[in-house]
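Report on the following structure.
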Amino acid sequence: MSQTLVERLAEFSSRSGFAALPDDVIEECKRILLDSLGCALAAVAEPGARKAIEFASLLGGASGDATLIGTADKVSIFGAAFANADLVNALDMDAVVPPGHVTPYVVPGALAVAEAGHRPGKDLIAALAVAHEMSYRIGKATDYLRDIKDGEVTIPPVYGYSSTVFGATAAVAIVKGLSEETLAHALGIAASTAPVNAMRAWMMHTPSTTIKYMLAGTLPQTALTAAHLAEFGHRGDLRILDDAEFGWPRFIGTTRWEPERITAGLGSDWKFVTEQAYKPYPHCRILHAPLDALREIVETHDLAPEEIDSIKTWGEPFVQQPVWLNRTIAEPRDAEFSIAHGLAVGAHRVPPGRDWLDPDLVHSRSVLELMEKVSYEPHADYVSAISGHPAARPSRVEVTARGKTFVGERSYPKGVPSPDPATRMTTEDLVAKFQHNADGVLPESNVAAVVDAVLGLEAVADVSTLMDCVRPPR
């Protein structure tokens with residue numbers, strides 16, 4: 001009897017140990033982890049993240065097995081995974097790869113289990129590699145937010161990041177050292193218990209929910225549950241990915257199901273590294289190319305916000321939805337997606353990081369007044385550009401000030417692999433981003449120790465020693 005898709009994914013996971021990974025995959029996983037820890041550290045005071053931290057203390061026991069990043073506390077692995085997922089995602093400056101926000105969902109569960117189990121860094125690297133590759137491939141097999149149909153970008157009627165549950169579960173299973181057979185059952189259980197894809201409701205309703213496009217903590221909790229139940233002997237549905245009519249593709253409402261994209265070259269051809277991107281700004285990715293252009297204009301010409309008469313912007317066409325057009329900023333998380341607010345903040349020349357979402361800046365008269373001078377329209381070349389390269393985001397910004405109009409354009413945002421080498425964030429760039437995010441949260445000695453440990457993660461004998469460094473002293 002031929003293998004099911006679930007069994008093939010389990011086989012891939014079991015055979016993709018550290019020794020089997022290409023060098024570029026190993027390096028990318030370390031970059032992802034460093035960036036994620038920095039994003040979490042920057043978010044410890046964000047209101048939504050504080051709610052997640054508070055909730056984490058309720059989630060099972062007082063054993064103190066895993067770290068709440070950026071705090072002096074340790075809680076259960078379920079509590080740590082829940083809160084750390086929200087922390088990584090809270091400022092919306094976490095790493096992205098198709099189908100979108102993968103990292104905050106697949107890293108925290110594996111990280112908590114690796115810390116609690118005193119696992120070596122090599123195991124964590126293998127887990128992160130499998131999780132991102134699996135998520136990327138399943139994302140490519142299903143509907144995508146930027147799919148082109150009949151010459152236009154068409155948002156799927158059902159969309160979200162529930163598909164990352166497979167990679168998240170595999171990552172936990174790898175760190176736990178589960179057998180291939182048990183891992184397959186864990187994947188089957190995960191598919192049957194994954195969160196719903198509620199992203200379209202989040203897009204269409206304002207004020208939108210502050211749990212965002214998905215409550216981040218629920219995904220790693222589902223993965224932890226699936227892996228442990230399989231370990232305890234529960235049976236999963238091994239055919240759940242092969243049944244397009246009644247199985248998982250139907251659960252998530254995808255109109256496209258191309259499983260060959262999941263299996264082609266699986267284990268030999270690592271694809272996620274070709275599109276793995278990083279975010280310099282704590283704002284939805286759709287605005288990054290315009291922000292690059294805008295910030296160059298205001299810095300080159302030394303423009304003050306009060307001098308600006310208008311900011312006209314052209315960019316991604318699919319964002320003509322309420323969550324992005326919103327101009328009522330009640331919470332910092334509203335600011336992360338509002339196009340008008342994001343451009344107004346960008347014009348203030350504040351270094352990107354947690355300061356962008358400081359309530360004093362978010363609700364300042366200067367930002368709110370400038371926000372009313374911002375307009376946004378679809379870019380005419382968007383479809384042709386993205387059809388030629390998946391990272392393309394053609395953008396144009398016109399700033400009117402001092403009786404003149406200053407123009408900036410971008411083809412690709414900073415942070416993506418593209419034909420322009422300057423758009424890639426180097427490891428040095430990511431170290432600088434981490435240092436800025438950790439500043440004021442960790443002592444300088446801890447910051448340096450985290451950088452050294454993550455960039456040399458294959459030599460770390462016990463992941464808990466790394467996590468000790470992301471807890472500030474009491």
Any side-chain donor paired with an acceptor under 3.5 Å for R31 and T427?
yes
Could you check Y412, Y281, Y278 and say which one makes a ring pair (Phe, Tyr, Trp, His ring centres under 6.0 Å) with H288?
Y281
Compute whether any side-chain donor of one residue and acceptor of the other, for T142 and R256, lie under 3.5 angstrom apart.
no
Check whether any side-chain N or O of R327 sits under 3.5 Å from a backbone N or O of M371 as a donor-acceptor pair, and report yes or no.
yes
Is there a side-chain contact between F406 and E398 (heavy atoms, below 4.5 Å)?
no
The residue among H118, R119, E115, K74 that forms side chain to side chain donor-acceptor pair (under 3.5 Å) with S464 is H118
Only one of R137, K271, M134 clears side-chain contact (heavy atoms from CB on, under 4.5 Å) with L266; which?
R137
Just wondering, more than 12 heavy atoms not from K30 lying within 6.0 Å of its NZ?
yes
Can you confirm whether the side chains of D94 and Y105 place a donor and an acceptor under 3.5 Å from each other?
no
Criterion side-chain contact (heavy atoms from CB on, under 4.5 Å) on I148 and S387, from CA distance to verdict:
CA-CA 8 Å; I148 307 296; S387 298; 4.3 Å; yes
One thing to verify: whether D429 and K414 come together as a salt bridge, which I'm taking to mean a side-chain N less than 4.0 angstrom from a carboxylate O.
yes
Consider only side-chain N and O atoms of T103 and S36, and report whether a donor and an acceptor are under 3.5 Å apart.
no
Mind telling me whether W324 and F318 have parallel, tilted or perpendicular rings, with 30° and 60° as the class edges?
perpendicular
Checking side-chain polar atoms at under 3.5 Å, does S135 have a donor or acceptor matched by the opposite partner on T164?
no
Checking side-chain contact (heavy atoms from CB on, under 4.5 Å) between N89 and each of D92, L91, L87, which is the one that passes?
D92
R393/Y382 under side-chain contact (heavy atoms from CB on, under 4.5 Å): CA gap, chis, key distance, verdict
CA-CA 7 Å; R393 301 290 185 271; Y382 180 84; 4.2 Å; yes
Between CG of L37 and CG of L111, what distance do you get to the nearest 0.5 Å?
6.5 Å
Partner of K140 under salt bridge (Lys or Arg N to Asp or Glu O under 4.0 Å), chosen from E258, E260, E275:
E275
Kindly indicate whether the side chain of E28, heavy atoms from C-beta on, has any atom under 4.5 Å from the side chain of D24.
no
Taking the ring of Y159 and the ring of W202, is the distance between their centroids below 6.0 Å?
no
Could you state the interatomic distance from NE2 (H379) to CH2 (W314), rounded to the nearest 0.5 Å?
9.0 Å
